[in-house]
Amino acid sequence: MKIDGKAWRTIWLEPDGRSIGVIDQIQLPHRFTTRTLRSCDEAADAIRTMVVRGAPLIGVTGAYGLMLALQVDPSDAALAAAFEQLNATRPTAVNLRWALERVRDRVATLPPEQRADAAKAEAGLIADEDVAMCEAIGEHGLRIFQRLAALRPPERQGEPFNVLTHCNAGWLATVDWGTALAPIYKAHRSGMNIHVWVDETRPRNQGASLTAYELGREGVPHTVIVDNAGGHLMQHGQVDAVIVGTDRTTRRGDVCNKIGTYLKALAAHDNGVPFYVALPASTIDWSIDDGVSEIPIEARSAQEVTHIQGLTAAGELTVVQLTPDGSEGFNPAFDVTPARLVTALITERGVAAASEAGLRGLYAEQ
Ligand code: MRU
């Protein structure tokens, strides 16, 4: 996607061929800056502190993190230690474990002196595949939007097609295109009259800061709403479809995504609004069935609830306290939406029912 006319990915190999460049997402939307990651420790820190975030991007960063570790020490012990260190940074998004396993399995049988280069090549492949998967998700999702828009009554045909999304599942959460936002970009570029309701997504505000930033740069009409507004908008016919990403999808189609997604799915169900989840294959955890009991939910710092970051009138990025001294905060970062509330899963291979049969229909090799 383009920023001020220049095409960017969220992660790249620097010209030295040894270090990794990323967009510093902590500074967005107020400052666009990049960072260079030169060691496994720096890659792990970037994931933990959310310099990079979003399930697919976390996976690619982890893959490059293994490359950075192997450049220093290509031994079996160092490979195992780097795997553990990176895998422990964020527990919920399964793409991280998936990408780490893929790189580890690719290099483990090679002589140590070949491992760093092989890890680099594998991480690059994972990144390129992510871009291709997200673009394909965009095409499949676009067709759904077009069909839903055409089904609206004649008196609503001239109105924008209103999509609600939660968190950031755009190109900043992947390598390019995004998952849930890819169909929106495709729709906008195709000339469709589309408008996006952007949930602010407390406490880290990925919607207000990242989704709004992305959509603005691409010229997609959008409006930021507080997380609690979605149900009201659905009751009043102002949402034609909800589309979100996912950090882990179980084999029966339960969907784990940013905290608050479940409440949007309940409201959509109650109001007959279709609720779609967009995901690449790397987000499916075939080893588990019941998302509510089996997916580890990351508990992040209470300070993300009690404090908030913003820009002062003087242009300084600053953090201020929201809550009274002494009030405790609790910050589960994700929740699980049961498959029964999901209208369909939109993958790079096509659209599936949120069920084991639906997913296996697309991924027969699993
Ligand atoms: O905590 P984050 O910002 O990493 O959470 C991101 C999300 O929940 C996204 O919706 C998700 O990764 C799926 S789409 C790329």
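Numbering of ligands and ligand atoms starts at 1, following listing order.
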Pairs of donor and acceptor atoms involving the side chains of residues 232-243, under 3.5 Å and at least two apart or interchain, shall be tabulated with distances.
residue : atom : partner : partner atom : Å
Asp240  : OD1  : Arg156  : NH1          : 3.2
Asp240  : OD1  : Arg156  : NH2          : 3.3
Asp240  : OD2  : Asn162  : N            : 2.8

So, is the end of the Lys258 side chain (NZ or CZ) under 6.0 Å from the ring centre of Phe334 and within 45° of the ring's axis?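 Checked: cation-pi criterion met.
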Can you tell which of Thr10, Val51, Ile47, Leu86 makes a side-chain contact (heavy atoms from CB on, under 4.5 Å) with Thr61?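 Only match with Thr61 under side-chain contact (heavy atoms from CB on, under 4.5 Å): Ile47.
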Check whether any side-chain N or O of Glu294 sits under 3.5 Å from a backbone N or O of Asp289 as a donor-acceptor pair, and report yes or no.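 Here the side-chain-to-backbone pair exists.
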Could you tell me whether Phe32 and Trp8 have their ring centroids closer than 6.0 angstrom?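 Yes: the rings meet the under 6.0 Å criterion.
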salt_bridge(Glu304, Arg202) N-O dist < 4.0 Å: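 No salt bridge links Glu304 with Arg202.
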Could you pull out the N/O contacts under 3.5 angstrom between ligand 1 and the surrounding protein atoms?
residue  : atom   : partner : partner atom : Å
ligand 1 : 1 (O)  : Arg90   : NH1          : 3.4
ligand 1 : 1 (O)  : Arg90   : NH2          : 2.8
ligand 1 : 1 (O)  : Lys258  : NZ           : 2.7
ligand 1 : 3 (O)  : Arg53   : NE           : 3.0
ligand 1 : 3 (O)  : Arg53   : NH2          : 3.1
ligand 1 : 3 (O)  : Gln206  : NE2          : 2.9
ligand 1 : 4 (O)  : Gly54   : N            : 2.9
ligand 1 : 4 (O)  : Arg90   : NH1          : 2.8
ligand 1 : 8 (O)  : Asp247  : OD1          : 2.9
ligand 1 : 8 (O)  : Asn257  : OD1          : 3.2
ligand 1 : 10 (O) : Asn257  : OD1          : 2.8
ligand 1 : 12 (O) : Ala55   : N            : 2.8
ligand 1 : 12 (O) : Asp247  : OD1          : 3.4
ligand 1 : 12 (O) : Asp247  : OD2          : 3.0

